[in-house]
Amino acid sequence: MTKTDKKHFFSRLFSGIPVLGWLLGVLIAVLLERYLGEALAEILGLPKIPVLFGFVIMLKKPALIPGSLAFVILIYILPIWIIARLSAPATNAAAGFLVRRSVGLSAMIHLALLYACIHIWSDISAYRVLALKLTLISIMLTLSLNVVNGYMGEFSCSHPGFMALGAYVCSIFTVGPFINDRFFDQAILPLFLAPYIFPVALIFGGLAAAAGALFVAIPSFRTRGDYLAIISLAFMFIVKSLIENLEFVGGPRGLGGQPDLASLPTVFIWTVLCVWIINNFVRSTLGKAMNAVRDDELAAAAMTVNTRNTKMTAFLFAAFWAGVAGGLFAHVLRYVNPGTFGVQNLAEVLAMVYFGGLNSVYGSIVGAVSLNLLGEALRPLELFKWIIIPLLLILVMIFRPKGLVAFKEFDPRRVLQPKLKSE
Amino acid sequence: MSLLQVEKMTHYFGGLKAVYNYNLQIDPGQIKGLIGPNGAGKSTIFNLITGIYKPTEGDIRLEGKSIVGYKPHQVAAMGLGRTFQNMQLWRHMTVLEHVKMARYSKLRYGLCGAFFGTAKRRREEAESDEKAHYFLNMFGVDPLADQNIFNLPYGAQRRVEMARAMATEPKVLFLDEPTAGMNPEELGRMVATIRQVHEELGLAIFLIEHRLRVVMELCESIQTLVFGEIIAEGTPEEIRSNPKVIDAYLGKDVVE
């Protein structure tokens, strides 16, 4: 077998399977894990179901490596591939039918399947639920930062600041009226109303972040260059020390006791909403105006593009979603303190953007998911985690300077349509 | 009334007198040329009229309405389309996206449409697609619509840039050295295209050019600019025989 033949062979194994087929495979795999996982783990000599594809367990107890590998292969890899491969003709037909009927309907069904997968997967442990929620929030943050740093080509450092504004403002709206709290006194509304107020609270959080963004944008968008980076960095510190000194939100001790509103479906829906709206925006001519401004502002203006408006809109829009993500973050952890929204948070979200790829919705999702997963998987290495992850980042920057999947348009129709077998 | 009128426009960069007492009148359907040695201020005049710089003195009127003090994008939307001397294209965008971008001011769907993908947006984007293909066709680059702009050969890039300028549906088209850096074949095609656009649409064109042959062939009236001042204005024949122009171009006391 020559090299090209080999390549051909491998690509044949995976080609011709639509997203629907993969989702079906994953669904079956997570169901298998749920019902047979315990038994299989016992047979393989594992103490319990490996919580994160065996990464954690393998790093902690090297003796269990063969068992965990076997578990991953038997529960995930083989079932997913077999189901996806065997069902390909059926799922291709179904995907084709759905896309012809309506892209919206097809997207809904795919998302429902995806949600079912992650729900069943995460049902096994509370740790998985938490990791998943934080990953989804990271996707929102990364994508919104990508709007400024990727699509618009500016360098903004204030995302933790926007996130903090969103987290605190949103918390005030939920802790204030619904919880007996030392700062906000007695609850004035019954707790069962809280889920209805929560979306409004999140939007207020987003708007507060956008208002903060206006404060940064006005002085920094008169010209281009490094000004935004400096002003936004300053903004981040201002927000942090402001919150540290505001006694009614707890100062440096933080604000806790948020009602348990950010359930997995809630976070999932908001993430989907965020991805959908941002993707809509960046694919419209109004959104592409950001690219025009980034690549040549003078030409953009000469082609009737209102450059200042474009920059302001993009920046405020990105800040809004960072605020919403912050609000969700506060309700996932049910406690926030200003220390969370510092330079380390900034470094993480910047890393996700540049690792995943600039100017790309795919890239942001890939970046956020992979760095979150990596962070969790390498947790047993403790300090060495902070050597391996930056090393990986450096390697990506050397071999793919724009990130893993940069400059790729996310077209839902194309993603959902049936895949033809490559010849 | 003339379409575009510039009166006594003067501009200083600090203490440097870049343009002095410049007058221009373009009638509907007229092709006017502007020639002059390097550094004479030709591009500055373009930038002044299209709103990139604000003239120190003087007035610019488009169809009788003063456009001094408007931002470049507003001036462009009012009907002054332009190309650039060194083709300012957008690195990461396709040919089609370039031309669609020039329809920006004509889109009415607003942010709501952009965020939620409304029916209005789909309709307007489809309309804009259609227009873009029309202009790409006009310049013979429609088959390249889905290519990234930097995959195109130089001549094709120039044509896309012109298609982009045309997509703003200008009343006057400003061309800044449209044949710069072209080989004789590309040059011939470009001249033919400019003439064709002019004849089909009756468009008024204002042209900066270095190559006298091109200007002589295309323009009804030519201005010669030296050190920010017009030294001669007239038909190609008058310009060709004007001793001051010969002086400036042959370089007796002006180094080109």
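Naming: A, B, ... by sequence-line order, numbering from 1 per chain.
- Atom CZ of Phe84(B) sits about 6.5 Å away from atom CG of Asp296(A), to the nearest 0.5 Å.
- Taking chain A as the reference chain and counting heavy-atom pairs below 4.5 Å, the highest number among Glu97(B), Lys100(B), Met87(B) is found for Glu97(B).
- Contact residues of residues 355-367 of chain A toward chain B are absent (heavy-atom distance under 4.5 Å).
- Contact annotation for Glu409(A): only side-chain heavy atoms (C-beta onward) come within less than 4.5 Å of a heavy atom of chain B.
- For a residue to count as touching a neighbouring chain, one of its non-hydrogen atoms must lie under 4.5 Å from one of that chain's; by this rule Leu111(B) touches chain A with backbone and side chain alike.
- Counted within 6.0 Å of CG on Asp226(A), heavy atoms from surrounding residues, nucleotides or ligands total 12 or fewer; the atom is thus considered open.
- No more than 12 heavy atoms of other residues, nucleotides or ligands lie within 6.0 Å of CE in Met108(A), so this atom counts as exposed by the packing criterion.
- Options Arg103(B), His92(B), Arg91(B), Met78(B) differ in how many heavy-atom pairs under 4.5 Å they form with chain A, and the most are formed by His92(B).
- Of the two parts of Arg164(B), the backbone and the side chain both hold a non-hydrogen atom closer than 4.5 Å to a non-hydrogen atom of chain A.
- Atom CZ of Phe215(A) has 12 or fewer neighbouring heavy atoms from other residues, nucleotides or ligands inside a 6.0 Å radius.
- Contact between Ala114(B) and Ser284(A) at its shortest, heavy atoms only, is CB-OG, 3.6 Å.
- Listed by sequence position, Met303(A), Thr304(A), Val305(A), Asn306(A), Thr310(A), Thr313(A), Phe317(A) are the residues of residues 303-321 of chain A in contact with chain B, using a 4.5 angstrom heavy-atom cutoff.
- For Tyr109(B), the part lying under 4.5 angstrom from a heavy atom of chain A is the side chain only.
- The environment of Lys71(B) atom NZ is sparse: at most 12 non-hydrogen atoms of other residues, nucleotides or ligands sit within 6.0 angstrom.
- For Phe116(B), the parts sitting under 4.5 Å from any heavy atom of chain A are the backbone and the side chain alike.
- Applying the 6.0 Å contact sphere to CZ of Phe97(A) captures no more than 12 heavy atoms from other residues, nucleotides or ligands.
- For Thr50(B), no part lies under 4.5 angstrom from a heavy atom of chain A.
- Near-neighbour residues of residues 285-292 of chain A relative to chain B, defined by a heavy atom under 4.5 Å from a heavy atom of that chain, comprise Thr285(A), Leu286(A), Lys288(A), Ala289(A), Asn291(A), Ala292(A).
- For residues 271-281 of chain A, a heavy-atom distance under 4.5 Å to chain B picks out Trp276(A), Ile277(A), Asn280(A), Phe281(A), given by residue number.
- The number of heavy-atom neighbours closer than 6.0 Å to OH of Tyr227(A), taken from other residues, nucleotides and ligands shown, is 12 or below.
- The candidate with the highest count of non-hydrogen atom pairs below 4.5 Å against chain A, out of Pro170(B), Ser105(B), Ala165(B), Gly117(B), is Ser105(B).
- More than 12 heavy atoms of other residues, nucleotides or ligands lie within 6.0 Å of CZ in Arg61(B), so this atom counts as buried by the packing criterion.
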